[in-house]
Amino acid sequence: MTSQAKNPDEYINEVPDERKEAIIKLRETILKNLPKDFKETMSYGMIGYVVPHDIYPSGYHCDPKLPLPFMSFASQKNSINFYHMGIYANLELYNWFISEYAKFSKKKLDIGKSCMRFKKQEDIPFELIGELVKKMSAQDWILTYESAFKK
């Protein structure tokens with residue numbers, strides 16, 4: 001479900017009432033822990049966090065007109081999804097998250113390359129996501145991105 005919202009507040013207003021509290025809490029958790037130099041924006045129909053062009057002029061290699069994406073989240077049809085490119089590009093960070101997740105939940109984590117899907121709002125490990133958000137600065141992400149994706 002891709003949103004046409006122009007800004008994060010507009011996006012949140014579109015979220016079904018039963019998910020609104022979790023989406024607001026997820027956004028607050030991210031903003032509270034977000035390292036400087038990342039910017040909140042709408043990205044691919046989701047609330048996203050990017051390295052803006054004034055910090056990384058090259059932009060995203062798939063479309064240099066776009067800022068470098070890093071994280072995003074969305075209310076999808078069957079779940080709330082949280083995307084973090086750092087865990088996709090950095091195996092050490094991925095392994096840290098997986099091992100820490102076990103301390104927050106007995107349920108199996110539904111995770112893809114960079115996407116975590118939470119079917120139930122009460123399963124979202126907000127504290128752990130806050131810790132993950134803090135782990136990588138914009139400069140760390142640029143270095144990781146360039147070594148992992150840019151050829």
Side-chain angles (χ1 to χ4, degrees), residues 1-56 59-60 66-145 148-149:
M1 297 183 340
T2 302
S3 172
Q4 299 303 313
K6 306 266 188 287
N7 61 58
D9 291 326
E10 197 176 297
Y11 180 89
I12 290 169
N13 285 335
E14 294 177 351
V15 171
D17 288 342
E18 64 273 9
R19 288 195 179 166
K20 206 166 286 215
E21 184 179 335
I23 289 291
I24 290 168
K25 186 172 181 179
L26 185 54
R27 181 183 184 206
E28 289 172 348
T29 299
I30 291 168
L31 289 173
K32 178 181 171 189
N33 294 286
L34 191 66
K36 70 178 182 78
D37 294 337
F38 287 110
K39 179 183 175 195
E40 183 179 62
T41 187
M42 289 302 297
S43 181
Y44 299 98
M46 301 178 275
I47 297 176
Y49 301 88
V50 301
V51 181
H53 281 106
D54 61 331
I55 296 191
Y56 190 67
Y60 185 37
L66 296 175
L68 179 61
F70 180 56
M71 287 184 300
S72 58
F73 65 93
S75 175
Q76 300 293 357
K77 183 178 179 182
N78 297 312
S79 59
I80 293 175
N81 295 359
F82 174 69
Y83 304 84
H84 190 285
M85 292 301 294
I87 64 169
Y88 174 60
N90 182 315
L91 184 59
E92 185 178 323
L93 187 60
Y94 175 87
N95 289 336
W96 170 84
F97 187 84
I98 297 300
S99 68
E100 289 297 308
Y101 179 80
K103 298 174 186 175
F104 288 82
S105 179
K106 299 296 179 215
K107 293 186 177 181
K108 183 177 187 277
L109 179 60
D110 183 358
I111 189 169
K113 290 181 179 180
S114 71
C115 175
M116 296 164 228
R117 293 169 286 275
F118 302 100
K119 287 186 173 47
K120 294 183 179 177
Q121 300 170 71
E122 59 270 16
D123 293 339
I124 301 172
F126 294 103
E127 185 180 336
L128 180 59
I129 287 173
E131 289 299 312
L132 176 62
V133 168
K134 285 185 213 177
K135 290 240 178 232
M136 192 172 267
S137 70
Q139 289 305 314
D140 293 337
W141 173 231
I142 290 167
L143 292 172
T144 301
Y145 166 76
F149 298 110

Mark yes when over 12 heavy atoms from residues, nucleotides or ligands other than Gln4 sit less than 6.0 Å from its CD; otherwise mark no.
no
Please test Ile124 against Phe82 for side-chain contact (heavy atoms from CB on, under 4.5 Å), starting from the C-alpha separation and ending with a verdict.
CA-CA 9 Å; Ile124 301 172; Phe82 174 69; over 6 Å; no
When you measure from the side chain of Lys20 to the backbone N and O of Asn13, does any donor-acceptor pair fall under 3.5 Å?
yes
Side chain to side chain contact (heavy atoms under 4.5 Å, CB included) partner of Ser75, chosen from Ile12, Leu26, Ile23
Ile23
The residue among Val133, Leu31, Thr41 that forms side chain to side chain contact (heavy atoms under 4.5 Å, CB included) with Tyr49 is Leu31
Pairs in or reaching into residues 91-116: which pass ring pair (Phe, Tyr, Trp, His ring centres under 6.0 Å), with residues at least two apart or in two chains?
none
Starting at CZ of Phe118, measure out to CZ of Phe126 and round the result to the nearest 0.5 Å.
9.0 Å
Look up atom OG1 in Thr144 and atom CD in Gln139, then write down how far apart they are to the nearest 0.5 Å.
11.0 Å
Sub-4.5 Å side-chain heavy-atom contact between Glu40 and Leu34:
no
Can Glu28 and Lys25 be counted as an ion pair, charged N to O under 4.0 angstrom?
no
CE-CD1 distance between Met116 and Ile87, expressed to the nearest 0.5 angstrom:
3.5 Å
Would you indicate whether the side-chain heavy atoms of Phe38 and Val51 approach each other to under 4.5 Å?
yes
Check: Gln121 side chain, Glu18 main-chain N or O, donor-acceptor pair, under 3.5 Å
yes
Count the heavy atoms of every other residue, nucleotide or ligand shown that sit under 6.0 Å from CD of Glu14, and state whether that count exceeds 12.
yes
Determine whether Ile142 and Ile55 make a side-chain contact, defined as any pair of heavy atoms from C-beta on separated by less than 4.5 Å.
yes
Mind checking the CG-NE2 spacing from Leu68 to His53? Nearest 0.5 Å is all I need.
9.0 Å
Looking at Tyr145, Tyr83, Trp141, which hits ring pair (Phe, Tyr, Trp, His ring centres under 6.0 Å) with Phe70?
Trp141
Check the pair Ile111 / Ile98 against side-chain contact (heavy atoms from CB on, under 4.5 Å), numbers first and verdict last.
CA-CA 9 Å; Ile111 189 169; Ile98 297 300; 4.1 Å; yes
Around atom CD of Glu10, are there more than 12 heavy atoms from other residues, nucleotides or ligands closer than 6.0 Å?
yes
Taking the side chain as everything from C-beta on, heavy atoms only, tell me whether Leu132 gets closer than 4.5 Å to Asn33.
no
Working to the nearest 0.5 angstrom, can you tell me the gap between Ser114 OG and Met71 CE?
12.0 Å
Hey, what do you get for CD (Glu100) to NZ (Lys135), rounding to the nearest 0.5 Å?
7.5 Å
Carboxylate-amine/guanidinium contact Asp123 Arg117, below 4.0 Å
no
Ser79 side chain vs Asn81 backbone, donor-acceptor pair below 3.5 Å
no
Hey, does Pro8 have a side-chain heavy atom less than 4.5 Å from the side chain of Arg27?
yes
